[in-house]
Amino acid sequence: IDENCILGTNTSSLSITAIAAACRKKPGRVVGIHFFIPADQVNLVEIIPALQTRSPITRQVEQIIQQWGKTTVLVKDRPGFLVNRIARPYYLEALRILEEGIADIATIDWAMTHLGGFKIGPFALMDYIGNDVNYDFTRQLFESTHYDTRYQPSIAQKRLVEAGYLGRKTGKGFYNYFDHSTNPAPRRDETLGKQILIRILVLLINEAADALFHQYATKEDIDLAMSTGIDFPYGLLSWADDLGIGFVVRQIDELYNTYH
């Protein structure tokens, strides 16, 4: 290809800077262009310049993607980029709640959809993505953040992967998708459901605040990304403002006091 050709990668987890370093001719033309699955339905695209990426290349790529009718957010080249990193507690905290025996998968999913307004619960979403894909991304994020315990993978999900229960694509995951199969009904206890919702929500907000603090993206882009890239009901930082920052901090502190 021509040495002036822009080289875009759709990776969701690999370092854009490392990919650019392997480009011997003009590494400044390498840039991350991360579409979300299904790309024809999800409007968001993360634009991730490497350390080597030239600013005019970044601007040109943003313009091209926007001309396709997509919404772009500019993100630093950090492990997990933006949406997939901030979304980790949606899966991992749900898995911890399950592993602690606080609630079953149907009840956790019900709490997040019925009480939280999320379009799909965490376990149904992991089955949709594929437990192998979801687990492997978490593992890579855990390793690339120097084993930050916030991203420690779940043994329960690892066992599903080992058993070949990958979700919808294999007919079985957290739920059973075979014909005439029956899945357990949720326990519709609103007090328990609100506890589940708040626990997962404040940790999602914490991740969004961490991304803002480390300047992975702007406040506006973080909220835009989470409401369009993964279809959360609200931007997490705006949601935190509505709940009250003091309330969110108190909930996180209570979790810390319980588990540290």
Between [X] and [Y], what is the shortest heavy-atom contact and its length?
X	Y	result
Thr113	Gly121	CG2-N, 3.4 Å
Arg85	Asp210	NH2-OD2, 4.3 Å
Pro79	Ser144	CB-OG, 3.3 Å

Just checking [X]: does its [atom1] atom have more than 12 heavy atoms from other residues, nucleotides or ligands closer to it than 6.0 angstrom?
X	atom1	answer
Lys194	NZ	no
Gln215	CD	no
Leu14	CG	yes

Between [Y] and [X], is there a side-chain heavy-atom distance shorter than 4.5 Å?
X	Y	value
Tyr175	Ser181	no
Pro184	Thr107	no
Leu236	Ile222	no
Asp109	Phe174	no
Phe35	Ile65	yes

How many angstroms lie between [atom1] in [X] and [atom2] in [Y], if you round to the nearest 0.5 Å?
X	Y	atom1	atom2	answer
Ile108	Ile97	CD1	CD1	5.5 Å
Thr170	Tyr165	OG1	OH	9.0 Å
Arg139	Lys158	CZ	NZ	9.5 Å
Phe123	Leu160	CZ	CG	9.5 Å

Joint hydrophobic cluster, [X] plus [Y], side-chain heavy atoms closer than 4.5 Å:
X	Y	result
Leu201	Leu203	yes
Phe118	Trp110	yes
Trp68	Val31	yes
Ile245	Leu204	no
Leu44	Val61	no

Are the side chain of [X] and the backbone N or O of [Y] linked by a donor-acceptor pair below 3.5 Å?
X	Y	result
Arg29	Ile57	no
His260	Tyr256	yes
Ser154	Leu95	no
Asp132	Leu166	no
Asn134	Met126	no
Asn257	Asp253	yes
Lys76	Leu82	no
Arg168	Tyr128	no
Asp221	Val73	no
Thr72	Glu62	no

- Could you work out the complete set of other residues in the hydrophobic cluster of Leu141, with links drawn between I, L, V, M, F, W and Y side chains under 4.5 Å apart?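 Hydrophobic cluster check, Leu141: joined to Phe137, Phe142, Tyr147, Tyr151.
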- Between His34 and Phe36, is the gap from one ring center to the other below 6.0 Å? yes
- Query: Please walk me through it: do Asp223 and Ser238 pass side chain to side chain donor-acceptor pair (under 3.5 Å)?
  - Reply: CA-CA 7 Å; Asp223 273 1; Ser238 297; 2.7 Å; yes
- Could you pull out all residues at least two apart from Arg96 that satisfy salt bridge (Lys or Arg N to Asp or Glu O under 4.0 Å)? Glu93
Any side-chain donor near an acceptor of the partner, [X] and [Y], under 3.5 Å:
X	Y	value
Asp77	Thr17	yes
Thr71	Asn43	yes
Tyr234	Asp242	no

- Electrostatic pair Arg250:Glu254 at N-O distance under 4.0 angstrom: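 A salt bridge is absent here (no side-chain N lies under 4.0 Å from a carboxylate O).
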